[in-house]
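Everything numeric here is computed off the predicted structure, so don't read it as measured data. Numbers restart at 1 for each chain; the letters A, B, ... are given by sequence-line order, proteins then strands. Just so you know, these numbers use all the heavy atoms, side chains as well, and skip hydrogens, waters and symmetry mates.
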Amino acid sequence: MPFALIDCNNFYASCERVFDPSLKNRPVVILSNNDGCVIARSAEAKEAGVAMGIPEFKIRSLIRKMNIAVRSSNYALYGDMSMRVMETIKSITPDIEVYSIDEAFVKIPVSSENETTNIGKRIREAVRKHTGIPVSVGIASTKTLAKIANETAKKRSELSGVLYLNHRETVHDVLKETAVGDVWGVGKNYREMLERQAITNAYQLSRMPDSWIRSNMNVVGLRTVWELRGFSCLGIEKGRDNKKGILSSRSFGFPVKSHRNIIESVSSFTTRAGEKLRAQKCVASAVTVTLVTSKYINPGQAYKFGRSVTLPNPTANTSVLVKHATGLASMLFEEGRTYKKAWVMLSGIVPESEIQADLFSGSSYSGKEHRLMESLDKVNGKYGKQLVRPASNGIEQPWKMKQQYLSKKYTTSWDELMRVRAI
DNA sequence: TCTGGGGTCCTAGGACCC
DNA sequence: TCTGGGGTCCTAGGACCC
């Protein structure tokens, strides 16, 4: 049974276009949180020479010259559009793994070659019709090959967005045209290592002996190579298990030097992490706080300062988490440093139902705390994020990130629905 | 001046246990 | 004087993904 990978084309840019048709045929870029660097580009923006990941300040003149539209990232909008795309796919092929916000793997029930390609076409048309988002579909015998088929479908316009990579010779031809660094699972470091061995395309990689791959790229690399050869090693993963670590972090909107702002932001990120933790009905046993200064000012010098604490009792109580996190932040804080960012990470995550009561202190995450947190989440769910929050999070929160070019929450907020006028 | 925010898995090495 | 071997757990670090 072949795998298909459905991938939204330039997803964030496409989402912005659905609700703002003036962006059609115009180069569009989406900036990261804090409007720092480019994380998505329309096809026109790619052609105009905007590189992925480039800082916004480096392309200001290009933005003016090419009349590029700029948007801050609007995750409320993209998340909601993603859900609609996934629901549409599921209605055609229910055996689905939602791999990321803009990609899904599905299993295609066995049938003739023509029928398989047709399912791909049907998915593409349905998603376009229901959501306005263009997608490409790559189909092959393994997930890694389906990824490559998808890339090829995107590149070759004559395929109109769907490619079933089926026959052995075709697979080999496509692998020969695929740069080794474009293989799923080969990042920058492996690419450089492979190129030093004169392995430059996916076909060459697929012909390397197992033992060599095993010792140079470990078992993960070996799976990749087998998948390139057509042996499926990775299946559809449904409903991923709970997260093993929960991270909440943001860059600051301006360089932070004061102890107070550090404490406020760490307190606020911890609150957010606590919400995520409770959303998956878990408790955490450890908290790590990291304060980050600029790595560009003194290259080579330490710029991250982190510290962890193991909690006496695993908990999901925001107050307890905040107390420990801000304690760590105070220890890490040093007068005179200029901070750019802070992280709060919760780890040692276990389901609420598996907490062992502490025989001696009797102070594990109790029923009372649990009910308090539940009410808190309910109120915030109803009246807006963090309406009720620890005072230590601060009121004005001057360190908050910048989002200068934010579009509206067209699909998730009654106040920001699109207005349509008949003429 | 200005450089994202999440995650995953694997490996090596140390501590500790019997 | 001799100084094992097998196992687990934890952490740090490195690779990768979108």
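One atom, OH of Tyr190(A), and another, P of dC9(B), lie 15 Å apart when rounded to the nearest Å. Leu222(A) has its CG atom 16 Å from the P atom of dC16(C), to the nearest Å. The interatomic distance linking Tyr75(A) (OH) with dG4(B) (P) rounds to 12 Å, in whole Å. At whole-Å resolution of the value, NZ in Lys188(A) and P in dC18(C) are 17 Å apart. For the pair Glu56(A) CD and dT3(B) P, the computed distance is 10 Å after rounding to whole Å. Atom C1' of nucleotide dC18(C) and atom NZ of Lys154(A) are separated by 12 Å, given to the nearest angstrom. When rounded to the nearest whole Å, the span between CH2 of Trp343(A) and P of dG7(B) equals 12 Å. Across the protein-nucleic acid pair, Ile246(A) atom CD1 and dT8(B) atom P stand 9 Å apart, rounded to whole Å.
Side chain to side chain, Ser136(A) and Asn9(A) meet the donor-acceptor criterion of an N or O pair below 3.5 Å.
Here, dC2(B) and dC18(C) have their P atoms 30 Å apart, quoted to the whole Å.
At the heavy-atom level, Asp102(A) lies under 4.0 Å from the strands shown only through sugar-phosphate atoms. Looking at heavy-atom distances under 4.0 Å, Ser248(A) makes contact with sugar-phosphate atoms alone, never a base.
Below 30°, between 30° and 60°, or above 60°: for Phe105(A) and Tyr99(A) the angle between ring planes is above 60°, a perpendicular geometry. Tyr75(A) and Tyr12(A) have perpendicular rings, their planes meeting at more than 60° on a 0 to 90° scale where under 30° would count as parallel.
Judged purely by atom type and a 3.5 angstrom limit, Ser82(A) uses its side chain to pair as donor or acceptor with the backbone of Ile101(A).
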DNA chain B base-pair string [pairs: Watson-Crick or G-U under 3.5 Å; |: paired with another strand]:
....||||||||||||||
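When Arg278(A), Arg389(A), Arg272(A) are each tested for a side chain to side chain donor-acceptor pair (under 3.5 Å) with Thr318(A), only one passes: Arg278(A).
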Can you check nucleotides 11-14 of chain B for protein contacts, nitrogen or oxygen pairs under 3.5 Å, and list what you find?
| unit_1 | atom_1 | unit_2 | atom_2 | d |
| --- | --- | --- | --- | --- |
| dT11(B) | OP1 | Arg214(A) | NH2 | 3.3 |

